[in-house]
Amino acid sequence: METQILVTGGTGYIGSHTVVELIQAGYDPIILDNFSNSKRSVLEQIKKLTGKEPKLIEGDIRNEKVLDRVFQENKIEAVINFAGRKAVGESQVNPLLYFSINVEGSIVLLRKMKEYGIKRFVFSSSATVYGDPGYDCFTESTPLSPINNYGESKWMVEEVLRRLVQAEPDWKVAILRYFNPVGAHESGLIGEDPSGIPANLMPFVSQVAVGKREKLRIFGNDYPTRDGTGARDYIHVVDLALGHIAALEALNKNDGLITVNLGTGNNTTVLELVHAFEKASDKQIPYEIVERRPGDVAAYYTDPTLAKTLLNWEAQRDINKMCEDTWRWQQMNPQGYPED
Ligand code: NAD
Ligand code: UDP
């Protein structure tokens with residue numbers, strides 16, 4: 001029988017790509033999602049891609065009754081927890097929502113896992129836990145110093161996990177700190193579908209290319225980088241999804257806690273990304289330079305060494321591929337997923 005993996009937030013951006021890779025690697029993913037930031041039609045797209053529609057339970061990760069049902073009706077062996085909120089600005093305005101869903105939600109889930117004797121957990125953390133340490137290359141031992149409520153919420157769950165594994169060493173936990181996930185599945189069937197005006201660079205650029213937005217606003221060109229614009233370690237979402245499979249496999253071998261950065265080890269400036277997208281789409285991306293965005297860090301990227309040694313994983317897809325796949329998804333789905 002295929003190994004059953006509970007994927008919370010499995011219809012979201014990173015979750016849906018991970019579900020596809022799990023199915024293709026021979027796992028049986030079971031999705032728990034409340035559709036607060038995703039559409040039901042994702043499931044049909046996953047079926048088109050893999051030939052299999054994963055089982056879905058609709059509900060909130062904080063709902064103990066729903067979790068009882070999930071763990072009673074299935075033989076779950078591990079949980080990947082993608083469910084959460086991820087907008088920095090919103091987390092500053094509504095901290096209670098962020099601490100409730102991201103922190104309380106993870107704790108309820110862990111408590112229920114323990115009750116059912118399931119002790120293998122993969123957690124979506126973020127490079128935002130590092131804050132702005134004053135240098136560009138982050139290793140896993142770079143000091144943690146989040147600078148907003150979203151980053152704090154990730155740090156808090158990490159801290160809970162560190163203390164849990166210390167007290168109960170038979171847990172197997174992977175904390176994965178993502179750098180900047182972008183791109184889409186190369187089929188163009190699944191991708192990122194932000195609601196409203198995208199806050200992130202890649203979806204914004206893509207919407208300019210398709211004619212949905214007039215021009216990009218580049219937040220500052222006076223940073224100490226190659227061309228003055230901010231630089232990030234963009235990682236293709238399919239590479240990121242594969243990082244989760246590698247983490248699950250590493251947990252079969254190691255007890256305790258592993259903490260790994262998932263990025264490429266390269267960084268790309270805003271202007272470099274714009275040029276790569278122009279090449280991929282054969283469209284011009286009009287832009288203007290505006291003030292820096294408050295709270296932005298100039299540049300950062302991961303040292304990918306630990307991911308390679310611990311997970312035997314490294315990102316394969318470069319910035320051109322990230323732009324090509326984003327563009328294919330954008331063209332095939334100019335309005336994103338259909339409304340439910
Ligand atoms: P997403 O919003 O596309 O996916 C999250 C999914 O969780 C959605 O399908 C949403 O409906 C669901 N969800 C939200 N709250 C829920 C709840 N209380 N109960 C059940 N389901 C709930 O986001 P994503 O980009 O796929 O991110 C997945 C995870 O990775 C998040 O935890 C996010 O913080 C983390 N992360 C994302 C990024 C990024 O840039 N995308 C970077 C670092 C970390
Ligand atoms: N950025 C920009 N214009 C936008 C969105 C983002 O110039 O409309 C810049 C931003 O200042 C940063 C980079 O693009 O230097 C990546 O920003 P994003 O929000 O995608 O990721 P994050 O800031 O979370 O790393």
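Sequential numbering from 1 along the given sequence is applied to the chain's residues. Basis for what follows: all heavy atoms, side chains included, without hydrogens, waters or symmetry-related copies. Everything numeric in this text was worked out from a predicted model, so none of it was measured. Note that ligands are numbered from 1 as they come in the structure, with each ligand's atoms numbered from 1 the same way.
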May I ask you to list the atoms of ligand 2 that are less than 4.0 angstrom from any heavy atom of [X]?
{"X": "Tyr234", "value": "13 (C), 16 (C)"}
{"X": "Tyr300", "value": "25 (O)"}
{"X": "Arg217", "value": "2 (C), 3 (N), 4 (C), 7 (O), 8 (O)"}
{"X": "Ala199", "value": "5 (C), 19 (O)"}

* **Contact summary for Ser41 and Tyr337, nearest pair of heavy atoms** =>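 Nearest heavy atoms, Ser41 then Tyr337: OG-CB, 3.6 Å.
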* Nearest heavy-atom pair of Phe138 and Ala127: which atoms, and what distance? ->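 The pair with the smallest heavy-atom distance is CE1-O, 4.3 Å.
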With heavy atoms under 4.0 Å as the rule, classify the contact between [X] and ligand 1 as side chain, backbone, both or neither.
{"X": "Ser125", "answer": "backbone"}
{"X": "Glu192", "answer": "neither"}
{"X": "Phe35", "answer": "backbone"}

* Hey, is Leu201 touching ligand 2 through its side chain, its backbone, both or neither, going by heavy atoms under 4.0 Å? ->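 Answer for Leu201: both.
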* Asked: Below 3.5 angstrom, do we get any N/O pair linking Gly12 and ligand 1?
  ->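 N/O-N/O distance under 3.5 Å: yes.
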* With a 4.0 Å cut-off on heavy atoms, does Phe179 reach ligand 2? ->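 Heavy atoms of Phe179 never come under 4.0 Å of ligand 2.
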Would you mind running through ligand 1 and noting each atom that sits below 4.0 Å from a heavy atom of [X]?
{"X": "Thr11", "result": "9 (O)"}
{"X": "Ser38", "result": "9 (O), 11 (O)"}
{"X": "Pro181", "result": "38 (C), 39 (C), 40 (O), 41 (N), 42 (C)"}

* Any nitrogen or oxygen of Phe219, main chain or side chain, under 3.5 Å from a nitrogen or oxygen of ligand 2? ->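 So ligand 2 has an N or O lying under 3.5 Å from an N or O of Phe219.
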* Asked: Under 3.5 Å between some N or O of ligand 2 and some N or O of Val297?
  ->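 In fact, backbone or side chain, Val297 has no N or O that close.
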* Look at Glu159 together with Arg162 and state whether they make a salt bridge at an N to O cut-off of under 4.0 Å. =>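 Yes.
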* Is it true that the side chains of Thr264 and Asp233 contain a donor and an acceptor less than 3.5 Å apart? ->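 Side-chain D/A pair, Thr264 to Asp233: present.
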